[in-house]
Peer 1: 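First, the structure itself, so that you have it in front of you.
Below, chains carry the letters A, B, ... as their sequence lines are ordered, and counting in each starts from 1.
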Amino acid sequence: MINNLVIVESPAKAKTIEKILGKNFQVKSSMGHIRDLSKNDLSIDTKKNFVPRYSVPPEKKKVVSELKSLVKKSKVVWLASDEDREGEAIAWHLAEELDLKPDKTRRIVFHEITKDAIEEAIENPREINQDLVNAQQARRVLDRLVGYELSPVLWKKIKPSLSAGRVQSVAVRLIVDREREIIGFKSTSAFKISAIFDVKGNKGKKYEVKAELTEKFTGKKQALDFLNLCKSAVFTVENVVKKPSRKSPSPPFTTSTLQQEASRKLGFSVAQTMAVAQRLYEAGKITYMRTDSVNLSNAALDAASELISRAFGEKYGNRKNYKTKSKGAQEAHEAIRPTGLDHETIAGTAAEKRLYELIWKRTIASQMSDAQLEKTTVTIGISNAREKFIAEGEVLKFDGFLKVYFESSDDEPEEDSAGLLPPIEKGMTLIYDNIAATERFTHYPPRYTEASLVKKLEELGIGRPSTYAPTISTIQQRGYVLKEDRPGRERKFSLLVLKNNTIREETKTENTGAEKNKLFPDNIGMIVNDFLVEYFGNILDFNFTAFVEKEFDEIAAGKLVWHKMIAKFYKPFHERVTSTLAKSAVNKGERKLGSDPETGKPVFVRMGRFGPVVQIGEVSAPEKPRYASLRKGQNLESITLEEALELFKLPRTIGKFEDKDMVVSIGRFGPYILHNSAFYSLNRNTDDPYTVEADRAIEIIREKRLKDQTKVLKTFPEDTELSILNGRWGPYIKYRKENYKIPKTTDPGKITYKECLALISNPPARKKGKK
DNA sequence: CAGTGAGCGAGCTTCCGCTTGACTT
């Protein structure tokens, strides 16, 4: 017989709590929700109060039967799931499914896993809050209705297997909207003026001071006029102002801020951060990693302040607890922090170490004092112009939390930060070393990264810590969004430099627009988005979630009946679904670009069976239309007629080699040359299939042939299907179309037929990790 | 591996939010 059975959500949590509670308590986990709407149908009675039909999904059967048998052996069952909407629902589902009798069931909650908090919870049990449970049911039912009624509309009107939902569709919209802003962005340029002045300090020491003009000039002529004025100008220090300023540390990590900082500082993807954090959590190294709370337990605050005084001194400490600012936060857990603050580092993989250290630093810094700075601003007047030069310097007076942590930002890297200024006094006359006018271009708003998208979603109150990573993977899996690198392009800019009383003009080039790991909408994402915005604008509205959340709060407060709220939403929504199915045309993102100058036939782009395609001519016309696939990075909505026609220039016959034609085209694996029924790949980076000429093609063919000659290292008379080949990663065994690795310990030059057979029948174990 | 773009019809796809393993390459 068990006296007390405690059920929590996570097994790692169960282990910790069991240690705290001791022998009289057995602690088990439910592994999250144990029941849900069936995934095969709607499972909601839309005719009768939206009654949900719940069932235990197959993967949860085992947990439930285990819990059932434990319950039978227990005197009292303590439902200790999280104190939020989902946690309350988990407790309720457990009570229902395990058939728990009220007299032997207690509901308890705690926000931190400490002895005090848990003991206090045990002393203050309550009953399941049915209003809160109903708010969760409303959330669940609404999401199911939206997802399972919208998705089939997309299958019929756009493409099978697509999906839509309250969260994912808004995430896609953010990315599509941003891309359109970028496509429509008109970059303008202006001339920024910066000067370097020579300053003589006492003892004749020379310093340089960098200053910037308060105004920019829109044209080169104005910039030139200004530099000409400077030739005869006297520069005088008009003012020196010193001002103290402070920098405060950021709050401890939540899921969202951890994902952002790990992305910026460690280059982790959102999924990677969560996987590493999960391992740290399971190893007992950090607190729970799916949280929206910035709260720290008293024990953690004590430990931090003790550690800070000991390691850095009393004045570095600033004990405080932060308040969450994010919309819809439920704060069922603590912030993400090390469980043992005295461990600055841990044993583990490189990724685990780095993430842990990031969490440690952020937590400690959050309990440290502000950094104090002194900012100096020097205003330099120009005798014959009204503009001023400004030189700025910043000195750190007290480092405070900066001793351990510096937060990164998403913005473009700042130009060299201001440092210490040399001794300058009001009234000094300065002599310029040089004054430069540099043409600078305005930049389009940045594309989202996974982490900055999470940040935006959190600001909008859309999604939860447990869903940020899965949402981002879903919108990529559906093909709505691609995470990609894009090469930049070269751009010319003007530079005018005044030095030694003469002005020199230069044209320079810079690389602009290069992107790394950014989210781009793909054609299908844009089509789906436009369709949803047109027919279901209310759900795609950025405030839709915030609006329904307010109603869920009212349900939780007992002021609103959940199925009435759903009924009010569902009636117009369902009518819209029906009318959209009846009225709207099948949407393939078709767009007419113009007509083909050669034949006069219309030129269209649209989604075809195998992706976006250009079509010349109508299907109904007597002559069959011609087709060409769009290239990677080309969009249905932005491709021009010229670009579309260009696609029909392939395949190109570019000449003869060894009496056979050389034909250039683009296949699944990129551009290639076809010659004498053999394929030769063009170099994606340096060769352009639209312009490549015969000489270069021959060169490529010869290179490939040479490579192939050295490809076969060894053959065996015993079996012609077996050979040792030289591949991209070194020698390998090829046998009947399959490839096999040769271990590093074996010399591929001396390998025998027998050894090969052994490696084929018993290949060395591969590293796991791939699906 | 190097190209597709027809048409019919059956059967399937899909949401968000809790939480971890147990499968194979």
Peer 1: Counting side-chain heavy atoms from CB outward, which of dC15(B), dT19(B), dC16(B) is closest to Asp143(A)?
Peer 2: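 The answer is dC16(B), which lies nearest to the side chain.
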Peer 1: dT13(B) base to Ser161(A) side chain: any donor-acceptor pair below 3.5 Å?
Peer 2: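 When only heavy-atom distances are counted, Ser161(A) does reach the base of dT13(B) through a donor-acceptor pair under 3.5 Å.
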Peer 1: Compare side-chain N and O positions of Ser10(A) against OP1 and OP2 of dC18(B) and report whether any pair is under 4.0 Å apart.
Peer 2: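 Indeed not, no polar side-chain atom of Ser10(A) lies that close.
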Peer 1: Ignoring hydrogens and angles, does a donor from either the side chain of Arg464(A) or the base of dC18(B) sit under 3.5 Å from an acceptor on the other?
Peer 2: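 Per atom types, no contact qualifies.
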Peer 1: So does Arg85(A) get a side-chain nitrogen or oxygen closer than 4.0 Å to the phosphate oxygens (OP1/OP2) of dC18(B)?
Peer 2: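 Checking dC18(B) against Arg85(A), no side-chain N or O comes under 4.0 Å of OP1 or OP2.
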Peer 1: Between Tyr288(A) and dT19(B), is there a side-chain N or O to OP1/OP2 distance below 4.0 Å?
Peer 2: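 For dT19(B), OP1/OP2 do have a side-chain N/O of Tyr288(A) under 4.0 Å.
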Peer 1: Determine the interplanar angle of the His93(A) and His33(A) rings, folded into 0 to 90°, and report it as parallel if under 30°, tilted if 30 to 60°, perpendicular if over 60°.
Peer 2: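 Geometry flag for His33(A) against His93(A): perpendicular rings.
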Peer 1: Please tell me if Arg166(A) has a side-chain N or O lying less than 4.0 Å from either OP1 or OP2 of dG17(B).
Peer 2: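 Checking Arg166(A) against dG17(B): at least one side-chain N or O falls below 4.0 Å of OP1 or OP2.
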Peer 1: Does dT14(B) have OP1 or OP2 under 4.0 Å away from a side-chain N or O of Arg144(A)?
Peer 2: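 Indeed not, no polar side-chain atom of Arg144(A) lies that close.
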Peer 1: Any donor-acceptor pair, under 3.5 Å, between the side chain of Arg140(A) and the base of dC15(B), if you only look at N and O atoms?
Peer 2: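 Counting by modelled atom types and ignoring angles, a donor-acceptor contact under 3.5 Å is found here.
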Peer 1: Can you tell me if the side-chain N/O atoms of Arg35(A) get under 4.0 Å from OP1 or OP2 in dT19(B)?
Peer 2: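 Checking dT19(B) against Arg35(A), no side-chain N or O comes under 4.0 Å of OP1 or OP2.
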Peer 1: Would you indicate, yes or no, if dC16(B) has its OP1 or OP2 atom less than 4.0 angstrom from a side-chain nitrogen or oxygen of Tyr468(A)?
Peer 2: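 No, because none of the side-chain N or O atoms of Tyr468(A) sits under 4.0 Å from OP1 or OP2 of dC16(B).
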Peer 1: Nearest to the Gln168(A) side chain among dC16(B), dG5(B), dC18(B), which nucleotide is it?
Peer 2: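 Output: dC16(B).
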Peer 1: Walk me through whether Glu149(A) and Arg576(A) qualify under salt bridge (Lys or Arg N to Asp or Glu O under 4.0 Å).
Peer 2: CA-CA 10 Å; Glu149(A) 293 213 0; Arg576(A) 196 76 218 232; over 6 Å; no
Peer 1: Strictly below 4.0 Å: does Ser466(A) bring a side-chain N or O up to OP1 or OP2 of dC18(B)?
Peer 2: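 Affirmative; the distance criterion is met.
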Peer 1: Please check if any side-chain donor atom of Glu331(A) sits under 3.5 Å from a side-chain acceptor atom of Thr324(A), or the reverse.
Peer 2: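 Glu331(A) vs Thr324(A): no donor-acceptor pair found between side chains.
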